[in-house]
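Throughout, protein chains are lettered first and strands after them, A, B, ... in sequence-line order, and every chain is numbered starting at 1.
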Amino acid sequence: MTNLFSSLQGASTALDAFSRALGADQNNVSNSSTPGYAAVRATIQPVGFGPAGGADTVVIASTGNAQADALVQAATSQASDSQTQAQQLNLINQQFDITGSGGILAAFQQFSTAFANLSVSPGDSSVAATALAAAQNVAAAFHSVAQSLDSQSASLAGGAQSAVSQINGLAGQIAQYNVQVRGQTQLDPGVDASQRSALTQLSSLVGITVNKNADGTLNVLAGGSLPLVLGDQSFNIHADLSAAPGSQITSSGGGVTPLSLSGTLGGIVDIFNNTITPILGGNGQTGSLNTLAQGFASTVNGLLTSGVTATGAAGVSIFTYDSANPSNVARTLSVDATVTPDQLAVATTGASAQSNGVANQLAGLAGSNSPANQIQGLAPRDYFSLIAQSVGQKLSDANSQSTADQSTLTSATASQTAIEGVSLNQEAVDITAYQRAWQASAKLVSVLDNLVLDAVNLVGAQDA
Amino acid sequence: MTVNSAKIGADWFLNGLANLQSREIQTQTQLSSGYRVSSAADNPAATRDLVDLGSTLAVAQAYQTNLGNVQAEASAADNAISSAISLVQSARSLATQGATSTATASQRQNLGVQIQSIQQEIVSLANTQVGNRYIFGGDQDQTAPYQYNAASVTGVDALTTAPSTRQFVNPAGSTVYQPLSAGTIFDASSAGVPTAVNAFAALQNLQAALQANDQTGIATGVTALAAVASWLSQQQVHYGTSGQRLASEQANVASQITTIQTSISGIRDTNVAQAASDLTQETTSQQAAISAQAATPQKSLFDYLA
């Protein structure tokens, strides 16, 4: 009788084990498309029909693989970074037309043509008015580019705040999941999937390093050094793009601001620091756009003030700008509204006086190889080329990088899916096997139950 | 370990499809715009060349337009001087008639009236305009340089005295044309005193001699007009030479523009045949990928177990 009861207990334990294994597989099938879900695997220990009967015979474990997850998170961060940079660089690149159909280069060309025309008719006030209007177009072109880059900077600052807000929200969620994980004795696939999904979302916003603690909770660092989550505690990060590089992103948990953050936030910071600021100025830099604007404007003013008007009057400057702030020239560049066409001093004086001497110099200024007219050793239009080429090269590189990063992400995701993903075919095989095993166990329980009943009846008959 | 091959395959398929679509859009843009380089990002290394060539082209085109204007000016000046030479020859012929001993005082007065008419015509030539510019006006070409004044010593009033310092230069900075002023051509003087080749003074003196029935003065006038005609011919040579230089520049700049446009086209324009071939290949690849993906079994074992 004792053996019969022991066998009955063993069979019912097996029935429970196969039920739980079936439950795990059903869970896998149900969540095969759930973001962040890692398949769980039921490992069934041999069921004893002897004294060991009744022990826990099934172990449910996640297939989550920290290395595969880290690769996907890194690839996600990098793909978001390069995609953000490509999008932002595309906007900047549009400001530097190299075909002469618009922008600064077209304004330079119109300026050159207008003063070439004025050199033919230096006394014609209508031609002089056109030349003055061309100078206004140059100022407007610089102003327009500066304004667009300013708008983009403001948009980037807003984007950084938005990313930081999302990062802080996700860090809070992960800390909450950590609280739940800490109290678990068995894996909760739902919590696990939510936490993994949050980590993936977080990695698209900023590069993260995830470390698992002994109690199952996770520590998450941004950029490898800024604490976001330590156990059940989350730390808010703050973004201030106007601060010096290295101090723009800080965490309430302390830590050193990393040089590279990666993710959307990293892309934003990178574009702001390494592309927009070197062009537009700020953070102690003059900005190549301001250097070009000041170089061109001051040379034009210098040539005009060295000349005389048709009536012999001394020349006046036409361009005005914020000369006290070298990083504010392009924004403030304009043509003095009080200057009239007749005040354009396009004649040179002295031994080799020419009534159109200054006009001839201004017509050739944009491409001038004269050291006096050059900006850092380059003709104004070549200096412009340098800026345009730099932006174009960065965009081209970012596009290539983005494509490569997307492939890397696909590859990393494929590896992760191969390890952690749900295979419906495998689940079908497992479910069928567990179903049959469960049915067999159920049959065994039924047989044993009948045997016990018969044994009890036999004992009863004997007693009678 | 189990592999969800359908999902992995779908991820790679979508990634590949996105790359193909990106390339296809790029090729379509190149075909529709006609340009394979529309921005610096399309070919960063060619940026400086494109900017330099585009700017050089703009300068050359402006130069070509201005050359046309200057050629018109030089041609008008040449014609005006040519007319002035003819008028001086006519005046000289009239003076020769008046210088004969048989000419009466009345006849000389009539000849004087004709000389006066020639004076006015030459003043008119000195005030020749092209567009709104007085081409012999020197640096003050918005104002007529002379007006006829019979009471003046030279028969004219100089309204402007500006020299002509304007120089028309080519994009390389070389002077290709420098106009002359009416003062130089028709009103030559030294230290404020008319020289022997001063057309206005010669005609005024002749006219005065004819009016005064001064045979000696008339004979002097005939000689003076010969010198004036010779001087004017020299000035015409200046414009003739300038005209040739300008025509040469016009041919050069036209050739230069063609060369620059060809260079720009070589860098910037779409190779239509290549792009069309690329587009066909990309479209075919895309269709093949979609067909292959469609042929991939999408069913799992569950579908067969049911």
Report which part of [X] has an atom under 4.5 Å of a heavy atom belonging to chain B: side chain, backbone, both, or neither.
| X | result |
| --- | --- |
| Leu386(A) | neither |
| Val429(A) | both |
| Ser112(A) | side chain |
| Ile92(A) | neither |
| Ser411(A) | both |
| Asn93(A) | side chain |

Contact summary for [X] and [Y], nearest pair of heavy atoms:
| X | Y | result |
| --- | --- | --- |
| Ser396(A) | Ala41(B) | CB-O, 3.6 Å |
| Ser407(A) | Trp12(B) | O-CH2, 3.6 Å |
| Arg381(A) | Val51(B) | O-CG1, 3.8 Å |

Residues of residues 57-66 of chain B near chain A, each having a heavy atom less than 4.5 Å away: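 Hits under 4.5 Å: Ala58(B), Val59(B), Ala62(B), Asn66(B).
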Donor-acceptor contact present, side-chain Arg166(B) to main-chain Val120(A), <3.5 Å: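 Yes; judged by distance alone, with no hydrogens or angles, the pair exists.
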Sidechain N-carboxylate O distance under 4.0 Å for Asp382(A), Arg48(B):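 Salt bridge present between Asp382(A) and Arg48(B).
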Side chain to side chain contact (heavy atoms under 4.5 Å, CB included) between Ser390(A) and Thr47(B), intermediate numbers included: CA-CA 9 Å; Ser390(A) 168; Thr47(B) 300; over 6 Å; no
Residue pair Ser121(A), Arg133(B): steps toward the side chain to side chain contact (heavy atoms under 4.5 Å, CB included) verdict: CA-CA 8 Å; Ser121(A) 308; Arg133(B) 297 178 49 247; 3.4 Å; yes
Check: Ser39(B) and Ile98(A) side chains under 4.5 Å, non-hydrogen atoms: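 Of all side-chain heavy-atom pairs linking Ser39(B) with Ile98(A), none is under 4.5 Å.
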Contact winner vs chain A - Asn132(B), Asp141(B), Val70(B), heavy-atom pairs under 4.5 Å: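 Highest number of heavy-atom pairs under 4.5 Å: Asn132(B).
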Most contacts with chain A, counted as non-hydrogen pairs under 4.5 angstrom, among Leu50(B), Asn19(B), Asp52(B):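 Answer, by heavy-atom pair count under 4.5 Å with chain A: Asp52(B).
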Within 6.0 angstrom of Gln281(B) CD, more than 12 heavy atoms from elsewhere: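 Atom CD in Gln281(B) is not crowded, with 12 or fewer foreign heavy atoms closer than 6.0 Å.
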Residues which pass side chain to side chain donor-acceptor pair (under 3.5 Å) with Thr99(A), listed by chain and number, not counting sequence neighbours: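 With neighbours one apart ignored, the set is Asp97(A), Ser101(A).
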With sequence neighbours excluded, residues passing side chain to side chain donor-acceptor pair (under 3.5 Å) with Ser22(B):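 Side chain to side chain donor-acceptor pair (under 3.5 Å) check on Ser22(B) returns nothing, list empty.
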Residue-level interface, residues 351-363 of chain A with chain B, non-hydrogen cut-off under 4.5 Å: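 The residues closer than 4.5 Å to chain B, in numerical order, are Ala353(A), Gln354(A), Ser355(A), Asn356(A), Asn360(A).
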